[in-house]
Amino acid sequence: MTQTGIAHPTIAASVRGITKTYGTGDTQAIALDGIDLDIHRGTLTAIMGPSGSGKSTLMHVFAGLDSATTGRVMIGDTDITDLDDDALTLLRRRKLGFVFQAFNLVPTLSVLGNVELPFELDGRKPGAGERAWINELLGRLGLSGLENRRPHELSGGQQQRVAIARALASKPTLIFADEPTGNLDSKSSRDVLSLLGVLTREYDQTVVLVTHDPVAASYADRVLFIADGAIVHDVGRSDPKALSDIILMLEVAA
Ligand SMILES: Nc1ncnc2c1ncn2[C@@H]1O[C@H](COP(=O)(O)OP(=O)(O)OP(=O)(O)O)[C@@H](O)[C@H]1O
Ligand SMILES: [Mg+2]
């Protein structure tokens, strides 16, 4: 893998000069319009912004699930911009956890089968410590006792929590979560957000989450606001009211 030597040990991931355009000519859409961003290790970063502003696209580019039109992406000290598919797949599998906006659970697998999928794909079984961690995750996420159910036998909120458990199962260094609390009631949301906070503080994991909910974003160490594919505000930990005020101001400006 490419080692550039410019990476800083406290930076978990970064992008420079990222643009992303879809289509050409009249139908061209600019999803990302020049993004520079460092994500610090062991922190929880929230990304907010209107629907269609580019939040999911940015997460996909960061995680190497989609390529940028221009710009460079670093995960840790690895420049993934020109990595081939095999190397990228390995890096994603070993280092990244991703919670998709659509949960992407495998319908034919049980809850446990879905949660253990990252190990399966890596060609191994979870060890004793990893099984204990998976059990703890299932407990913290309110999924204990549902291990043998299939996704269609779960509520939307339960499916969302399975997707979260799957993303966290292998203790990835970097976790991207797209609206991880979008389908959850306030108690489940708080549980998920507290868990993500614990990961950053106790295990030095790094979490980037997209949310429309100022209460969810108030758990973050840093909150970025995206509008029309660009970062327009970048604030430290803030209370929900302060975050709502920024959103309102952006909506008025739009
Ligand atoms: N595959 C695609 N082809 C064409 N345009 C796309 C594609 N994916 C996204 N876009 C466009 O790129 C822009 C950014 O989309 P994106 O999904 O990143 O928004 P978002 O901020 O995640 O929105 P939401 O809050 O609704 O999830 C939108 O205008 C969208 O229509
Ligand atoms: Mg989205």
Side-chain angles (χ1 to χ4, degrees), residues 13-37 39 44-73 75 80-81 85 88 92 96-105 156-157 159-164 166-167 174-184 189 192-193 196 206-220 222-235 238 240 243-254:
S14 57
V15 291
R16 287 290 177 273
I18 292 290
T19 66
K20 177 73 179 178
T21 40
Y22 288 109
T24 50
D26 288 349
T27 61
Q28 193 179 61
I30 300 172
L32 297 176
D33 195 12
I35 298 223
D36 294 305
L37 177 60
I39 301 291
L44 177 55
T45 300
I47 299 181
M48 306 193 80
S51 184
S53 58
K55 304 180 297 295
S56 294
T57 307
L58 178 62
M59 302 277 274
H60 293 164
V61 166
F62 248 126
L65 295 163
D66 200 352
S67 59
T69 306
T70 63
R72 305 203 76 81
V73 183
I75 297 292
I80 68 164
T81 320
D85 283 351
L88 198 52
R92 266 206 305 270
L96 304 189
F98 207 101
V99 182
F100 293 92
Q101 208 167 4
F103 318 133
N104 291 11
L105 299 178
Q159 291 180 37
Q160 183 151 40
R161 281 174 278 150
V162 173
I164 293 166
R166 180 182 55 190
L174 184 55
I175 295 145
F176 294 99
D178 202 347
E179 292 275 6
T181 59
N183 290 270
L184 304 183
S189 288
V192 166
L193 295 161
L196 296 176
T206 304
V207 181
V208 183
L209 83 103
V210 169
T211 184
H212 285 283
D213 175 9
V215 174
S218 71
Y219 282 72
R222 178 187 188 191
V223 185
L224 302 167
F225 293 83
I226 296 194
D228 295 327
I231 295 172
V232 291
H233 276 277
D234 183 347
V235 299
S238 305
L243 297 171
S244 311
D245 287 348
I246 298 177
I247 295 167
L248 269 176
M249 187 182 71
L250 290 178
E251 282 170 358
V252 169

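These values consider heavy atoms only, across backbone and side chains, with no hydrogens, waters or symmetry-generated copies. Just so you know, these numbers come straight off a predicted model, no measurement behind them. In listed order, ligands and their atoms are each counted from 1.
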Taking side chain as C-beta onward, heavy atoms only, is Tyr219 less than 4.5 Å from Leu44? yes

Contacts satisfying salt bridge (charged side-chain N to carboxylate O under 4.0 Å, His left out) that involve residues 60-70 (not counting sequence neighbours) are Lys20-Asp66

Exercise for review: Take the angle between the ring planes of His233 and Phe225 and call it parallel below 30°, perpendicular above 60°, tilted in between.
Suggested key: perpendicular

* Trace of the side-chain contact (heavy atoms from CB on, under 4.5 Å) decision for Phe100 with Leu65 -> CA-CA 11 Å; Phe100 293 92; Leu65 295 163; 3.8 Å; yes

Practice prompt. Carefully, step by step, assess Phe176 and His60 under the rule ring pair (Phe, Tyr, Trp, His ring centres under 6.0 Å).
Written response: CA-CA 9 Å; Phe176 294 99; His60 293 164; 9.7 Å; no

Output side-chain donor-acceptor pairs under 3.5 Å for residues 50-59, partner residues at least two apart or in another chain, one line each.
unit_1 : atom_1 : unit_2 : atom_2 : d
Ser53  : OG     : Pro50  : O      : 2.6
Lys55  : NZ     : Gly49  : O      : 2.9
Lys55  : NZ     : Pro50  : O      : 2.9
Ser56  : OG     : Gln101 : OE1    : 3.1
Ser56  : OG     : Asp178 : OD2    : 2.5

Just checking Asp33: does its CG atom have more than 12 heavy atoms from other residues, nucleotides or ligands closer to it than 6.0 angstrom?
yes

The answer, listing residues by chain and number that come under 4.0 Å of ligand 1 through any heavy atom, is Tyr22, Ala31, Pro50, Ser51, Gly52, Ser53, Gly54, Lys55, Ser56, Thr57, Gln101, His212

Handout entry: Worked check of side-chain contact (heavy atoms from CB on, under 4.5 Å) between Ile226 and Ile35
Key = CA-CA 10 Å; Ile226 296 194; Ile35 298 223; 4.3 Å; yes

Answer yes if the side chains of Thr19 and Thr70 hold a donor-acceptor pair under 3.5 Å, and no otherwise.
yes

Taken by chain and residue number, the protein N/O/S atoms under 2.8 Å from the Mg ion (ligand 2) read Ser56 OG, Gln101 OE1

